[in-house]
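The structure appears below as structure tokens.
The analysis underlying the following values was restricted to heavy atoms, covering all of them including side chains, and did not include hydrogens, waters or symmetry mates. Starting from 1, each residue takes its place in the sequence as its number.
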Amino acid sequence: MNMKLLGALSGFVLLTLAVLASARPKAGPEQKCKSGPLDLVFLIDSSRSVRPHEFETMRKFMIDILNTLDIGLDTTRVGVVQYSSQVRSEFSLKTHSKLENLVKAINEIIPLAQGTMTGLAIRYLMNEAFSPEQGDRPKVPNVAVIVTDGRPQDRVAEVAAEAREKGIEIYAVGVARADMASLRAMASPPFEDHVFLVERFDLIHQFGLQFQDKLCGVDLCVESEHGCEQLCESSPGSYHCLCLPGYTLNHDGKTCAAIDLCAEGKHDCEQICISSPGSFTCDCNQGYNLNTDRKTCSPINLCAEGKHDCQQVCVNMGPGIFTCDCNEGHRLNEDKKTCSAINLCAEGKHDCQQVCVHMGPGIFTCDCNKGYRLNEDEKTCSAIDLCAEGKHDCEQICVSAPGVFTCDCNKGFKLNKDKKTCTNMDMCKTVVHGCEHQCVNTPGSYHCICPEGTLLQDDGKSCGTCRSANIDLVLLIDGSKSVRPQNFELVKKFVNQVVDSLDVSAHGTRVGLVQYSSRVRTEFPLNMFHTAEEIKAAVMKVEYMEKGTMTGLALKHMLENSFSEAEGARPASRNIPRVGLVFTDGRSQDDISEFAKKVKEAGITMYAVGVGKAVEDELREIASEPVDKHFYYTTDFSAISTIAEDLKLNVCPEESQGEIEVKDPCACENLVEFQQATINSLEQLTQKLGSMTARLEQLENQLLTRK
């Protein structure tokens, strides 16, 4: 695209943005900006989701833009195409040449009110609307403005890229439910100038107010921070950067680079080309001399020329480079020139594991320290292990050191004064056992027990209502504008109902809370509070964020931050279940697929709770399998307390799977089951008794040996 076309296109860009700011008075005919010839097509979404009053706003949006343009067959041509499940051209680029006719035609448009086939519409725009038959002019900029309120029902990225490659500059204006990823896939770069997203149709006028004054005869090179490094050249409504002679404009369109004949390969130097703007000189790498032709180079051999100061050996390392070395049995001194006879042992030039014995210049043998013997390889040594060889009189444990040993006892035993025999200890009285309820001593060890009605937890010390009550739980709550303050208070009560159902403690369940809207905020991490009362008090102090619904960003934050050890998540090696619960009332404004998948791949069990306008497909995508046990939905915020009562997070099977089965003790199958369990218990007791008998016999034999 030549410079004039670029100037015209840039002028229209700024003009379009300025028109969107409809709060300004409309320009009269004498105030119209002369932006140059332009072919402009509006591509408007008239799907079912666009309500009648919203379509009227879009109609006014187009008319406001036309009021600022110099309309005519030789200036700016305008066409309008609307689409839903089908595409319909309302009028082409060559249909109307007067503003009043364009306005009349726009006011007569009847919405299609069907689906949202944006990709199909862009293909029509490329193949038909911008064709010579429809009034497209050669060498005139093609500009398309796409206005949509929803996610496309077909693929847009490929066809939009094809349209941009054909020279169509695309602006994507998204309203309300529009998908930012789809807008970026359609629009021309840079996205900050070509992609706009607003919450409501009545806000689409707000863009571009700051640019309007730049369109009508203002020298942007003088009045703006153009950023050109060397020269700036103005054009109507735009500018472009130029460079001084001997320089070329870089890809950023602003900075300049010297024309480098060396870099462009326009020289005949053999080794080094030294560039200056428009000329060059040759040079050589280190160790080479430049020949008389001032182009080629010859290597310098300092050793062969005797230009070195080595005492014994000069080693040529390449052109102009040498190092000194020594004859065998000598070492190079620190001056890197002279040599001294070497002691291989003293210099560490041996492979003895322990002791090197110097036998003369360049000769050594290996030996071992006391308590070690030399192996067959005559290099390595092995410790003399008296314990392994049975040369000790320890009752229980022999601790070996090279050539010597000491005695020790098994856990739960202490070494007697003879330093050989052992006596059993009461472990419950001699160690910090950490049992929450009661410590029970066993020979050489101990174990913890809990009162009736509770179970010993996985740490083997604390007691609780169920073993699986120990989890790390992070709740993601939606604080978007659609929730509203009074409903947000119900959400906080919902969180506290969930907390009431958990066994919260530093060693039991830990709870963290994250609120999200257009951004994500950690209200408190997993390691901040250790009682249900502290957590519930903190929840009630949480302040409502408002704004958007970035559920994908919240899932990313939970994965990368909330379940980190730095924020209180226990190490994965401890196998403490990690559970995430997402509460939302609407569709996410960003993509959730990537991090909904990644959190589950990271081993986090996900629950999804939706209310009101929450999208079921998104909730199911977040929830873990089986989805029916991890997905909850209600239409009204007042009913979420019922969900909290049903939601047990599958922590305790007896709580989450209904009533506990009560078996009839007199039923035949239950008698058989009880009998088998009793037999198994007796067999285990018999095995333990046999082990104890064998141990007693061993002790008796040791006593007889000592006598």
Side-chain angles (χ1 to χ4, degrees), residues 246-248 250-251 255-385 401-404:
Y247 292 83
T248 182
N250 292 326
H251 293 301
T255 59
C256 300
I259 298 174
D260 190 342
L261 296 178
C262 293
E264 296 176 5
K266 298 178 180 179
H267 67 90
D268 51 0
C269 299
E270 181 181 4
Q271 292 188 356
I272 298 174
C273 177
I274 301 173
S275 179
S276 59
S279 63
F280 67 90
T281 58
C282 298
D283 200 355
C284 297
N285 297 324
Q286 185 176 358
Y288 291 81
N289 286 326
L290 189 65
N291 295 327
T292 56
D293 62 4
R294 314 306 295 174
K295 298 177 182 179
T296 60
C297 302
S298 298
I300 302 171
N301 188 333
L302 297 177
C303 289
E305 296 177 8
K307 297 178 179 179
H308 67 87
D309 51 1
C310 300
Q311 182 183 9
Q312 293 186 356
V313 180
C314 175
V315 181
N316 182 38
M317 301 300 292
I321 306 172
F322 72 90
T323 60
C324 297
D325 202 356
C326 298
N327 297 323
E328 187 176 0
H330 294 77
R331 59 180 286 273
L332 195 65
N333 295 327
E334 291 183 359
D335 61 6
K336 304 299 182 182
K337 301 175 183 179
T338 60
C339 300
S340 300
I342 61 174
N343 182 328
L344 295 178
C345 290
E347 298 296 326
K349 296 179 180 180
H350 63 87
D351 50 2
C352 299
Q353 183 180 11
Q354 293 187 353
V355 180
C356 176
V357 181
H358 179 63
M359 302 298 291
I363 305 173
F364 68 90
T365 60
C366 297
D367 200 356
C368 296
N369 297 324
K370 184 179 179 180
Y372 292 81
R373 60 171 65 94
L374 193 65
N375 295 326
E376 292 182 359
D377 61 6
E378 297 186 348
K379 299 176 183 179
T380 60
C381 301
S382 297
I384 299 171
D385 190 344
V404 295

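Within 6.0 Å of OH in Tyr247 there are 12 or fewer heavy atoms belonging to other residues, nucleotides or ligands. Summarising the local packing, CZ of Arg294 is surrounded by 12 or fewer heavy atoms from other residues, nucleotides or ligands at distances under 6.0 Å. For Gln354, the CD atom counts as densely surrounded, since its 6.0 Å shell holds more than 12 non-hydrogen atoms of other residues, nucleotides or ligands.
Interatomic distance, Lys379 NZ to Leu374 CG, rounded to the nearest 0.5 Å: 11.0 Å. Atom CG of Asn289 is separated from atom OG of Ser298 by 7.0 Å, given to the nearest 0.5 angstrom. Here the OG1 atom belonging to Thr323 is positioned 9.0 Å from the CG atom belonging to Asn316, to the nearest 0.5 angstrom.
Between Cys269 and Cys282 the SG-SG gap is short of 2.5 angstrom. For a disulfide, the SG atoms of both cysteines must be under 2.5 angstrom apart; this holds for Cys381 and Cys368. The SG atoms of Cys339 and Cys326 are placed within less than 2.5 angstrom of each other.
Contacts of Asp268 classified as salt bridge (Lys or Arg N to Asp or Glu O under 4.0 Å), with partners at least two apart in sequence or in another chain: Lys295. Legend: residues meeting side-chain hydrogen bond (donor to acceptor under 3.5 Å, both in side chains) with Asn375, ordered by chain and number and at least two apart, are Thr380, Ser382. With sequence neighbours left out, the side chain to side chain contact (heavy atoms under 4.5 Å, CB included) criterion links Thr255 to Glu229, Asn250, Asp252. Residues forming a side chain to side chain contact (heavy atoms under 4.5 Å, CB included) with Val313 (at least two apart in sequence, or on another chain): Val315, Asp325, Asn327. Not a single side chain to side chain contact (heavy atoms under 4.5 Å, CB included) links Pro361 to another residue, sequence neighbours left out. Evaluation of the side-chain hydrogen bond (donor to acceptor under 3.5 Å, both in side chains) rule for Lys336 yields no partner, not counting sequence neighbours. Applying the side-chain hydrogen bond (donor to acceptor under 3.5 Å, both in side chains) test to Asn301 and every residue at least two apart in sequence or in another chain returns nothing. Listed by chain and residue number, Val357, Asp367, Asn369 satisfy the side chain to side chain contact (heavy atoms under 4.5 Å, CB included) test with Val355 (two or more places apart in sequence, or in another chain). In this structure, Lys349 has no side-chain hydrogen bond (donor to acceptor under 3.5 Å, both in side chains) partners at least two apart in sequence or on a different chain.
In this structure, Tyr288 and Pro319 approach most closely via the heavy-atom pair OH-CG, 3.0 Å.
For residues 269-285, the side chain to side chain donor-acceptor pair (under 3.5 Å) pairs, not counting sequence neighbours, are Asp260-Ser275, Gln271-Asn285, Ser276-Ser279.
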Just list the side-chain donor-acceptor pairs under 3.5 Å for residues 340-348, sequence neighbours left out, or say none.
{"unit_1": "Ser340", "atom_1": "OG", "unit_2": "Asn333", "atom_2": "OD1", "d": "2.8"}
{"unit_1": "Ser340", "atom_1": "OG", "unit_2": "Asn333", "atom_2": "ND2", "d": "3.3"}
{"unit_1": "Asn343", "atom_1": "OD1", "unit_2": "Cys345", "atom_2": "N", "d": "3.0"}
{"unit_1": "Asn343", "atom_1": "OD1", "unit_2": "Ala346", "atom_2": "N", "d": "3.2"}
{"unit_1": "Asn343", "atom_1": "OD1", "unit_2": "His358", "atom_2": "ND1", "d": "3.1"}

(request) Check the pair Cys356, Cys366 against disulfide (SG to SG under 2.5 Å), reporting the backbone distance first and the verdict last. (result) CA-CA 5 Å; Cys356 176; Cys366 297; over 6 Å; no

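For the pair Leu261/His267, no side-chain contact is recorded, criterion being any heavy-atom separation below 4.5 Å from C-beta on. Two residues are said to be in side-chain contact when any heavy atoms from C-beta on lie closer than 4.5 Å; Leu290 and Cys297 meet this criterion. Looking at Ile300 and Phe322, their side chains never come closer than 4.5 Å, going by heavy atoms from C-beta outward.
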